[in-house]
Amino acid sequence: MFDWRWAFVADILPRLLKATGNTVLAALLGYGIAAILGLVFALAQRTAIASVNRTVREVVEFIRSTPLVLQIFFVFYVGPQFGITLSPWAAGMIAIGLHYASYLSEVYRAGIEGVPKGQWEAALSLSLSPVRTYSRIIIPQAIPTAFAGMGNYFVGIFKDTPMLSVIGVAELMHTANAIGSEHYRFLEPYTLVGGIFLAISLPTAALLRRLEARIRRKMGLRPR
Amino acid sequence: MKEPVQKEYPRQLEGEKVPMVRFRDVTKRYGDLVVLDSLDLDVDEGEMVTIIGPSGSGKTTVLRMLMALEKINSGIIYVDGQPMTHMPKNGALTWADEKYLRRQRTNIGMCFQHFNLFPHMTALENCIEAPIQVLVLNKKAAVERAEGLLDMVGMLEKAGEHPSRLSGGQQQRVAIARALAMRPKVLLFDEVTSALDPEVIGEVTQVIRKLVNKHNLTMLMVTHQMGFAREISDRVCFFYDGKIEEQGPPEEIFGAPQSERTQQFLGAVLEAT
Ligand SMILES: Nc1ncnc2c1ncn2[C@@H]1O[C@H](COP(=O)(O)OP(=O)(O)O)[C@@H](O)[C@H]1O
Ligand SMILES: [Mg+2]
């Protein structure tokens with residue numbers, strides 16, 4: 001009944017490991033986009049310009065209230081109708097980047113709002129420009145607070161990359177599906193995919209926790 | 001909402017004796033609450049003026065308006081003869097914009113009750129950040145200046161420490177050095193000893209004493225330490241309900257207060273200590 005074939009495992013492992021590279025790449029690229037775009041969203045929601053403020057807030061709310069997989073389909077399949085034809089990779093990165101940017105913007109916002117009012121007033125009283133105030137005073141202090149959330153979403157984006165398989169990005173899930181249908185065996189490929197995700201998520205999460213403690217120490221803050 | 005400029009104020013103060021700080025008809029409201037009620041106040045260059053008064057009388061607000069941390073509702077403030085809350089535009093005065101304010105704020109330094117040092121920077125880094133970024137000093141010059149000031153406040157040995165490793169008194173001394181590093185003409189103290197343990201208050205007041213003796217610096221200080229105010233001030237202003245109820249040399253205010261409210265306040269404060 002429980003028919004596990006090691007020979008098959010040895011056969012497909014190299015192919016899965018190669019696809020792991022794509023999965024990691026997708027997670028890193030997607031996160032890179034999300035991290036930067038998220039900061040733009042967060043800062044846009046703090047400007048005094050009411051129209052920018054409201055528009056960005058609504059976009060963020062909209063993205064957070066709809067499923068990622070729909071957003072991936074939308075960018076890939078609806079884009080061409082507006083003359084925007086994208087490769088699976090490009091469409092996937094845009095969708096996942098936007099999706100996580102809207103979550104990260106909230107993490108950043110909480111971090112920024114956690115910086116005491118006195119810090120803004122000190123920066124103001126020293127005539128620091130808004131750009132310098134954010135980059136040198138506020139954001140460095142917001143990072144320790146935001147870091148835990150940022151770390152969770154990093155692991156989250158990694159675990160969400162299989163959704164890119166729906167538009168044909170050759171990441172782990174897509175490759176496991178292909179192997180399964182070629183050989184009519186799904187036990188080994190799916191089990192291996194699970195194992196690979198676990199083997200990367202767990203140490204990454206542990207590493208992020210240690211990094212967080214180090215950042216707090218370096219900033220002269222107490223550990224959480 | 002800000003009201004339009006109603007009165008004609010001079011575009012700058014000229015003449016024999018221009019005060020370092022001038023408040024004219026300054027009103028500040030939060031909603032319906034009038035916190036400063038057409039306040040007039042002049043402070044001369046090099047003068048040390050202390051503000052005393054009951055909690056909620058608007059003492060902190062006076063300093064915050066002068067530092068332009070918030071906008072006033074009406075009136076005008078001048079610093080060193082130039083308008084602070086307003087700027088000249090097409091030959092008239094309009095409300096100052098952020099850029100103008102940022103330039104004018106370099107004339108003023110402020111020390112806060114809770115120090116507000118930047119926690120992710122060392123004492124030295126706290127003191128060189130703005131001189132480098134705002135005054136465009138090169139790093140060497142900024143460090144030299146900062147070390148000199150940290151030495152003056154007795155904190156040179158701790159220059160490399162983060163604020164979290166310093167006591168309240170030490171943090172406040174660094175905060176004073178940080179404000180002085182911008183070479184302000186006016187220095188503001190808002191209850192700088194109120195958050196301190198009694199045994200370290202002396203190390204901060206000692207620094208302020210030094211400033212009075214050494215620099216030709218104009219200072220405005222809000223304090224609850226009546227003894228210190230009496231000893232150090234050129235003039236004492238007693239605030240009540242957003243107005244100056246009574247002002248004068250410390251001997252007069254503490255020795256023979258005229259106003260009944262001043263008498264009551266001083267009576268209560270002296271009884272409590
Ligand atoms: N941001 C604010 N919003 C509303 N009310 C305020 C604000 N800041 C100060 N106040 C009010 O203004 C009054 C004067 O405050 P403040 O100048 O801090 O008094 P003091 O320093 O003399 O104790 C108080 O009644 C206070 O509650
Ligand atoms: Mg106060």
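Remember, it's a predicted structure, so these values are computed and weren't measured experimentally.
With hydrogens and angles ignored, the 3.5 Å screen pairs no side-chain donor or acceptor of A:S125 with any backbone N or O of B:G109. No donor-acceptor pair under 3.5 Å is formed between the side chain of B:H162 and the backbone N or O of A:R217.
When all heavy atoms are compared, the tightest approach of A:I137 to B:M121 is CD1-CE, 3.8 Å. Looking at every heavy atom in both residues, A:L128 comes nearest to B:Q133 through CD2-CB, 3.9 Å.
With contacts defined as side-chain heavy-atom distances shorter than 4.5 Å, the pair A:L126/B:E129 does not qualify.
Sparse packing is recorded around CZ of A:F82, with 12 or fewer heavy atoms of other residues, nucleotides or ligands lying under 6.0 Å away. Within 6.0 Å of atom CZ in B:R165, 12 or fewer heavy atoms from other residues, nucleotides or ligands are found, so the atom counts as exposed in its surroundings. A:R214 CZ: 12 or fewer foreign heavy atoms inside a 6.0 Å radius. More than 12 heavy-atom neighbours from other residues, nucleotides or ligands sit within 6.0 angstrom of CZ on B:R102. Other residues, nucleotides and ligands contribute over 12 non-hydrogen atoms within 6.0 Å of the NZ atom of B:K28.
Of residues 106-122 of chain A, those residues with a non-hydrogen atom less than 4.5 Å from any non-hydrogen atom of chain B are, in numerical order, A:G118, A:Q119, A:E121, A:A122.
There is no contact between B:L101 and chain A, counting heavy-atom distances below 4.5 Å. Contacts between B:L69 and chain A at a heavy-atom distance below 4.5 Å involve backbone atoms as well as side-chain atoms. With a threshold of 4.5 angstrom between heavy atoms, A:R136 approaches chain B through its backbone and through its side chain.
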side-chain contact (heavy atoms from CB on, under 4.5 Å) between B:F118 and A:I138, intermediate numbers included: CA-CA 9 Å; B:F118 304 132; A:I138 304 301; over 6 Å; no
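Applying the ring-ring contact (aromatic ring centres under 6.0 Å, His included) test to residues at least two apart or on different chains, none of the pairs has a partner in residues 39-66 of chain A.
Here the CG-CZ distance, from A:L124 to B:R105, works out to 4.0 Å after rounding to the nearest 0.5 Å. With rounding to the nearest 0.5 Å, the separation of OG in A:S127 from CE in B:M67 is 6.0 Å.
Heavy-atom pairs under 4.5 Å with chain A peak, among B:R64, B:Q104, B:K99, B:Q113, at B:R64. The most heavy-atom pairs under 4.5 Å with chain A, out of B:R103, B:R178, B:M182, come from B:R178.
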